[in-house]
Asker: 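Structure below; questions to follow.
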Number of protein chains: 2
Amino acid sequence: MGTGEGAGTPQRNTRQRVAVLDMLDSLNQFTSAQDIHGRLRDNGSTVGLTTVYRTLQSLAEARQVDVIRTDDGEAMYRRCTTEHHHHLVCRRCGRTIEVDSPTVESWAEEVAKRHGFADINHTIEIYGVCPDCAS
Amino acid sequence: MGTGEGAGTPQRNTRQRVAVLDMLDSLNQFTSAQDIHGRLRDNGSTVGLTTVYRTLQSLAEARQVDVIRTDDGEAMYRRCTTEHHHHLVCRRCGRTIEVDSPTVESWAEEVAKRHGFADINHTIEIYGVCPDCAS
DNA sequence: TTTGGTGCAAAACCTTTGCATTAGG
DNA sequence: CCTAATGCAAAGGTTTTGCACCAAA
């Protein structure tokens, strides 16, 4: 640890960075870089696709957004709380609920330790169809 | 259901299909299509990259291989048992151990149901550094 | 001013598709 | 034979990189 996250990355408050962050906040669900780029364009605040990618990347490194991959390999980003958690994602509309459970956390650690694995880390995603989409 | 999987897909026993399956069996860890293609070439049993992709795809549909995505979006395939399970993967060497726990299974279902989600499905991957790589 | 940020165009990737050819059953 | 499977080349998609320009601090 102590790799210098936080102080190690001076961020300039550019119009583009703010726009991407605002968009992430207003969306509150997993969204692709391309989609964010398109929405920004529609909103009139044009940001280069390259910049969207670079911004999301730096946010991911700073742990300010979560990243998951769709089945076809597209990266999806979503603003999140900094603490550790997992997701319950609607397969239809993309609505996302953050979930967590101490039980599962300790299970993961226990399994890894039992097999002698170190430096553990895990991802859990639950997919389903949310009430709104089911009706 | 009755979407016709199983009887719906006549498979011919081609040299290429057998080669890919054998390679998957001998590897027993998550491997990319490109990697499999390269290894086959080294082994002298040349199989077109396209064919490797198509074979892996059909195997995935038939649930005979598991598929996960690396952080950079590459698909990784691995032969697996047909029953439901999850993975403990070594971040360094790719060694994989199948794990599962009724506790976690029911936790996932319970969480989803509590939020009214239907048609549930989940993925869990635990990453770490295995004993061999740690030393 | 100084240096990181931006954005275009082009490259790099993995993956899929079109189509003529081959070979399994 | 008949039709699925193969493989090349080309296209498709997302993501990255090179480089000149711009604008925060």
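Protein chains get the first letters and strands the later ones, always in sequence-line order, with residue 1 at the start of each.
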Asker: Inspect the contact between E98(B) and R78(B) and indicate whether a charged nitrogen and a carboxylate oxygen are less than 4.0 angstrom apart.
Answerer: yes
Asker: With a 3.5 Å cut-off and sequence neighbours excluded, list the donor-acceptor pairs that the side chains of residues 22-29 of chain A form with protein atoms.
Answerer:
{"from": "D25(A)", "atom 1": "OD1", "to": "R79(A)", "atom 2": "NH1", "distance (Å)": "3.1"}
{"from": "D25(A)", "atom 1": "OD2", "to": "R79(A)", "atom 2": "NH1", "distance (Å)": "2.9"}
{"from": "S26(A)", "atom 1": "OG", "to": "M23(A)", "atom 2": "O", "distance (Å)": "3.1"}

Asker: By nearest nucleotide on DNA chain C, pick out whichever of T46(A) and G73(B) is the more 5' one.
Answerer: T46(A)
Asker: Is there a donor in the side chain of S45(B) and an acceptor in the side chain of N43(B), or the other way round, less than 3.5 Å apart?
Answerer: no
Asker: Who passes side-chain hydrogen bond (donor to acceptor under 3.5 Å, both in side chains) against R95(A), sequence neighbours left out?
Answerer: none
Asker: Taking the side chain from S106(B) and the backbone from P102(B), do they hold a donor-acceptor pair closer than 3.5 Å?
Answerer: yes
Asker: Rounded to whole Å, please give me the gap between CG in L49(A) and P in dT15(D).
Answerer: 9 Å
Asker: Using a heavy-atom distance cut-off of less than 4.0 Å, which residues of residues 13-42 of chain B contact DNA chain C?
Answerer: N13(B), Q34(B)
Asker: Under 3.5 Å, is there an N or O donor on one side and an acceptor on the other linking the side chain of R12(A) and the base of dG5(C)?
Answerer: no
Asker: Could you state the atom-to-atom distance from CG of D71(A) to C1' of dT16(C) in whole Å?
Answerer: 16 Å
Asker: With a cut-off of less than 4.0 Å, is there a side-chain N or O of R54(A) near OP1 or OP2 of dG18(D)?
Answerer: no
Asker: Atom CD of E74(A) and atom C1' of dC14(C): how far apart are they, to the nearest Å?
Answerer: 14 Å
Asker: At what angle, to 10 degrees, do the two end axes of the helix from dT1(C)-dA25(D) to dG25(C)-dC1(D) meet, given five pairs define each axis?
Answerer: 40°
Asker: Sequence neighbours left out, cut at 3.5 Å: what donor-acceptor pairs do the side chains of residues 119-135 of chain B make with other protein atoms?
Answerer:
{"from": "D119(B)", "atom 1": "OD2", "to": "R91(A)", "atom 2": "NH1", "distance (Å)": "3.3"}
{"from": "H122(B)", "atom 1": "NE2", "to": "H84(B)", "atom 2": "NE2", "distance (Å)": "3.3"}
{"from": "H122(B)", "atom 1": "NE2", "to": "H86(B)", "atom 2": "NE2", "distance (Å)": "3.1"}
{"from": "H122(B)", "atom 1": "NE2", "to": "E105(B)", "atom 2": "OE1", "distance (Å)": "3.1"}
{"from": "H122(B)", "atom 1": "NE2", "to": "E105(B)", "atom 2": "OE2", "distance (Å)": "3.4"}
{"from": "S135(B)", "atom 1": "OG", "to": "D132(B)", "atom 2": "O", "distance (Å)": "3.1"}

Asker: Would you say T96(B)'s side chain and G94(B)'s backbone share a donor-acceptor pair under 3.5 angstrom?
Answerer: yes
Asker: Under the ring-ring contact (aromatic ring centres under 6.0 Å, His included) definition, can you give me all pairs with a residue in residues 11-44 of chain A, not counting sequence neighbours?
Answerer: F30(A)-H87(A)
Asker: Measure the distance from CG on L56(A) to P on dG5(C) and round it to the nearest whole Å.
Answerer: 15 Å
Asker: Starting at atom CG of D72(A), determine the distance to atom C1' of dC14(C), rounded to an integer number of angstrom.
Answerer: 12 Å
Asker: If we count only N and O atoms by modelled type, under 3.5 Å, do the side chains of Y77(B) and Q57(B) hold a donor and an acceptor together?
Answerer: no
Asker: Nearest-Å distance, CD (E61(A)) to C1' (dT16(D))?
Answerer: 13 Å
Asker: dT16(D), OP1 or OP2 - any side-chain N/O from Y53(A) closer than 4.0 Å?
Answerer: no
